[in-house]
Amino acid sequence: MSFVKTYEEIVGNSPASGDFYDAEMVTLVWETTPEAIEKLLPPPLKPAQKPAVLAFVANYPSTNFSLPYQESALLIRASFEGQEGFYCLSMPVTNDMAMAGGREIWGYPKKLANIALQREGDTVEGWTERHGIQFMKVKANLTGKINDNSAMDELLSLGLNPEGEYSNLAFNFKHSPSPVASEAFDYPPRLIQGETVFRPKTFIFAEGEIELTPSEFDPWHEVPVERMLGGFYSVGDNSMLNSGKVLAEVDSIEFAPYAFLKWEWSKQ
C-alpha cells in the first residue's frame, strides 16, 4: 500500500454501491410540530405533507468499505419539487472511515460518538453519547404492533415494505468552508440526493420510545415527540447506491445559518 494509488487500485475500489451486510437496526418514527420542521429545513427544501421524524440506531457487522461500526441518525421528512425524502440533521458514527466517506461524498453531517445497540429477547435498546452526554436513548418492544395502530398507513407511506425490498431518498447539502476570509464557502452549497436500498431478512414492527436529552452539541430535542407512530427492528443487507444527483446550488448567505451540522459551535 502507498499514499499514491494506481488507476487499477482506484477502479477496483469504486463499487457501484456501499453495501452493509446483516445490518441490524432499530428505527422509530414520530410526528413533531410543523414549527420544528419549518425552522430546521434549509431552502430550497420544503416541509413534507406530514411533519414526520425518523431516528435509528444501527450495528453494521460487515461492509464492503470499512471495518464494523455503529451509527445513529436523526432525519426529518422533506420535499424538493414535489419529491419527498429525508433530510439528515445528524448522523453520529463510531468509525473514522465511515465518517469521512459519508461527509465528503454525500454531505452527511457525521461526527464520532459512542453508540450502543443490544437486543435481549423481544426488547431492543440503544443509545448515543457525545461529550459525556447520552443525548438519545431508544427502546423498542418487538410485539409486532406499533404505538398508534391507526398510523400504519402513515408508516408505510414513508416507503417501508415489511414484505421485501424498499428504498428511501436522502437529502443532504455538500459545502466546504473557504480559507479566504472574505468568502464563506469554496463553492456554492449543493443540495444532494442519494438513495439507499433495504433488503430486510428480519422485519418486526415494534412499540418504541425515545428519550432526547438536551445537549448544546447534539440538539436532537429540537424535534420533540408530539405523537409516536411506532417503530421496527430489522436485519438485512442494505446498499447506498453510488448514483447520486446534484439537485440544486443554493445561495451561500441563505444557507449559512444551516452550515454548522458537521462541527461544534464554540461559545465565545
Side-chain angles (χ1 to χ4, degrees), residues 1-7 9-11 13-14 18 36-47 65-66 69 71-76 78-81 83 85-113 128 130-131 133 135 169-196 214-223 240-268:
M1 300 298 288
S2 169
F3 283 118
V4 180
K5 307 304 179 188
T6 67
Y7 287 107
E9 287 175 316
I10 294 171
V11 172
N13 198 40
S14 301
I37 298 289
E38 185 174 353
K39 173 187 176 182
L40 295 169
L41 274 182
L45 292 178
K46 303 290 185 183
F65 61 88
S66 174
Y69 70 99
E71 178 175 81
S72 63
L74 179 67
L75 307 102
I76 56 179
S79 174
F80 177 75
E81 295 185 347
Q83 176 67 64
F86 284 100
Y87 168 59
C88 188
L89 282 172
S90 176
M91 187 171 275
V93 295
T94 60
N95 176 274
D96 59 350
M97 286 298 295
M99 181 180 73
R103 287 172 62 144
E104 295 173 16
I105 299 172
W106 295 102
Y108 277 102
K110 296 196 174 190
K111 298 177 181 178
L112 291 178
T128 306
R130 297 183 70 251
H131 299 297
I133 301 173
F135 59 88
L169 297 180
F171 298 126
N172 290 292
F173 289 86
K174 287 192 72 172
H175 54 93
S176 174
S178 173
V180 180
S182 60
E183 299 175 3
F185 301 102
D186 287 327
Y187 53 84
R190 296 167 182 166
L191 174 61
I192 305 296
Q193 176 184 294
E195 182 177 6
T196 300
S215 166
E216 63 179 310
F217 306 107
D218 302 277
W220 285 34
H221 64 283
E222 282 197 290
V223 282
M240 284 186 62
L241 305 183
N242 291 336
S243 56
K245 300 177 182 178
V246 177
L247 298 177
E249 290 192 343
V250 301
D251 181 84
S252 297
I253 299 301
E254 281 191 338
F255 182 72
Y258 308 90
F260 303 97
L261 299 181
K262 298 184 180 70
W263 59 85
E264 314 295 21
W265 180 264
S266 60
K267 294 182 178 180
Q268 300 297 324

Item to check | Test side chain to side chain contact (heavy atoms under 4.5 Å, CB included) applied to Leu191 and Leu45, step by step | outcome: CA-CA 9 Å; Leu191 174 61; Leu45 292 178; 4.0 Å; yes
Checklist entry - How are the rings of His175 and Phe185 set to each other: parallel, tilted or perpendicular (split at 30° and 60°)? => result perpendicular
Next on the checklist: Restricting to non-hydrogen atoms, name the atom on Arg130 and the atom on Ala113 that form the minimum distance, rounded to 0.1 Å.
Outcome noted: CG-CB, 3.3 Å
Item to check | Whether over 12 other heavy atoms sit under 6.0 Å from Glu9 CD | outcome: yes
Next on the checklist: Within the 4.5 Å heavy-atom criterion, are Ile192 and Val246 side-chain neighbours or not?
Outcome noted: yes
Enumerate donor-acceptor pairs with a distance under 3.5 Å from any side-chain N or O in residues 96-106 to protein atoms, sequence neighbours excluded.
from	atom 1	to	atom 2	distance (Å)
Arg103	NH1	Lys110	O	2.8
Arg103	NH1	Lys262	O	3.1
Arg103	NH2	Lys262	O	3.4

Next on the checklist: Could you tell me if the side chain of Val250 sits less than 4.5 Å from the side chain of Pro43, heavy atoms only?
Outcome noted: no
Item to check | Heavy-atom check, side chain of Tyr108 versus side chain of Met240, under 4.5 Å | outcome: yes
Checklist entry - Looking at side-chain heavy atoms only, is the closest gap between Pro42 and Tyr87 below 4.5 Å? => result yes
Checklist entry - Are Phe173 and Phe255 close enough that their ring centers fall under 6.0 Å? => result yes
Item to check | side chain to side chain contact (heavy atoms under 4.5 Å, CB included) between Glu216 and His131, intermediate numbers included | outcome: CA-CA 10 Å; Glu216 63 179 310; His131 299 297; over 6 Å; no
Item to check | Distance, nearest 0.5 Å, that separates CD of Gln83 from CD of Gln193 | outcome: 6.0 Å
Next on the checklist: Using side-chain heavy atoms (C-beta onward) and a distance below 4.5 Å, is Leu112 in contact with Val93?
Outcome noted: yes
Checklist entry - Which heavy-atom pair separates Ser90 from Pro92 by the least distance, and what is that distance? => result OG-CD, 3.5 Å
Checklist entry - Considering only heavy atoms from C-beta outward, does the side chain of Asn172 approach that of Pro109 to under 4.5 Å? => result yes
Checklist entry - Around Lys5, counting heavy atoms of other residues, nucleotides and ligands shown, do more than 12 lie under 6.0 Å from its NZ? => result yes
Next on the checklist: Between Phe80 and Lys46, does the side chain to side chain contact (heavy atoms under 4.5 Å, CB included) criterion hold? Intermediate values first, please.
Outcome noted: CA-CA 6 Å; Phe80 177 75; Lys46 303 290 185 183; over 6 Å; no
Checklist entry - With side chains defined as the heavy atoms from C-beta onward, is the minimum distance between Ile76 and Leu89 less than 4.5 Å? => result yes
Checklist outcome for this item: Closest non-hydrogen contact found for Leu41 with Pro47 is CD1-N, 3.5 Å
Checklist entry - Looking only at heavy atoms, what is the nearest atom pair of Gly18 and Phe65, with distance? => result CA-CD2, 4.2 Å
Checklist entry - Rounded to the nearest 0.5 Å, what separation is found between the CG atom of Asp218 and the NZ atom of Lys111? => result 5.5 Å
Next on the checklist: Checking Ser215 now: which residues fulfil side chain to side chain donor-acceptor pair (under 3.5 Å) with it, not counting sequence neighbours?
Outcome noted: none
